Amino acid sequence: MAIQRTFSIIKPDATKRNLTGAIAAKFEAAGLRIVASKRIQMTLAQAETFYGVHSERPFFGELCEFMISEPIVVQVLEGEDAIAKNREVMGATNPADAADGTIRKEFALSIGENSVHGSDAPETAAEEIAFFFSGLELVG
């Protein structure tokens, strides 16, 4: 296995409930290292661009409004097979289907308010990291 970097968002439903530290601890306990992290208030323009792949989907507007409703924490995680590991730690999108001990099983409120986002492939991770972080913000 190779060391990879992946992108993660701690979403508004989780930051509103002060779960940032608990979620970060789950990533770290799984062997992922947080190499960059910042709390931001996403703008509507950022949300529409970031989630542009979903622009034709019926939930697009609601998703964008949700993502700007409270601050979020954007992070770069690093570790062995980080993309798959992050997705495993997050759990299934629907918290009812998520495995015990996963972030979504423990913290998500619903399919929409599911506490975290994570990249699904190396190409996506690279794009998502570059969207929020400059090279100078990424430390080794």
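This structure is a prediction, so every number in the text was calculated from the model and none was measured.
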Nearest-0.5 Å distance that lies between atom [atom1] in [X] and atom [atom2] in [Y]:
| X | Y | atom1 | atom2 | answer |
| --- | --- | --- | --- | --- |
| Gln75 | Ile34 | CD | CD1 | 4.5 Å |
| Glu28 | Ile23 | CD | CD1 | 12.5 Å |
| Lys26 | Leu19 | NZ | CG | 11.0 Å |
| Ile103 | Asn114 | CD1 | CG | 10.5 Å |
| Glu78 | Leu32 | CD | CG | 9.5 Å |
| Ile72 | Gln46 | CD1 | CD | 7.5 Å |

Side chains of [X] and [Y], heavy atoms from C-beta outward: is any pair under 4.5 Å?
| X | Y | value |
| --- | --- | --- |
| Phe50 | Met67 | no |
| Thr43 | Ile68 | no |
| Leu77 | Arg33 | no |
| Lys11 | His117 | yes |
| Arg57 | Tyr51 | no |
| Phe131 | Val74 | no |
| Phe107 | Ile10 | no |

- Give a yes or no on this: more than 12 heavy atoms of other residues, nucleotides or ligands lie within 6.0 Å of atom NZ of Lys16.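 Incorrect, the count does not exceed 12.
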
- Return yes when atom CD of Gln41 has more than 12 non-hydrogen atoms of other residues, nucleotides or ligands closer than 6.0 Å, and no otherwise.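 Yes, the 6.0 Å shell around CD holds more than 12 heavy atoms from other groups.
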
- Query: Do Arg17 and Ser115 pass the side chain to side chain contact (heavy atoms under 4.5 Å, CB included) test, and can you show the C-alpha distance, the side-chain angles, and the key distance before you say yes or no?
  - Reply: CA-CA 10 Å; Arg17 292 178 291 141; Ser115 299; 3.5 Å; yes

Nearest heavy-atom pair of [X] and [Y]: which atoms, and what distance?
| X | Y | value |
| --- | --- | --- |
| Glu70 | Pro12 | CB-CB, 3.6 Å |
| Ala82 | Gln4 | N-OE1, 3.0 Å |
| Arg104 | Pro95 | O-CB, 3.4 Å |
| Ser119 | Glu128 | OG-OE1, 2.6 Å |
| Ala125 | Thr6 | CB-CA, 4.0 Å |
| Pro71 | Arg39 | CB-NE, 3.8 Å |

- Item | Cluster overlap Met90 with Ile111, hydrophobic side-chain contacts below 4.5 Å |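 Shared cluster, no.
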
- Specify whether Phe7 and Phe133 have parallel, tilted or perpendicular ring planes, treating 30° as the upper limit for parallel and 60° as the lower limit for perpendicular. perpendicular

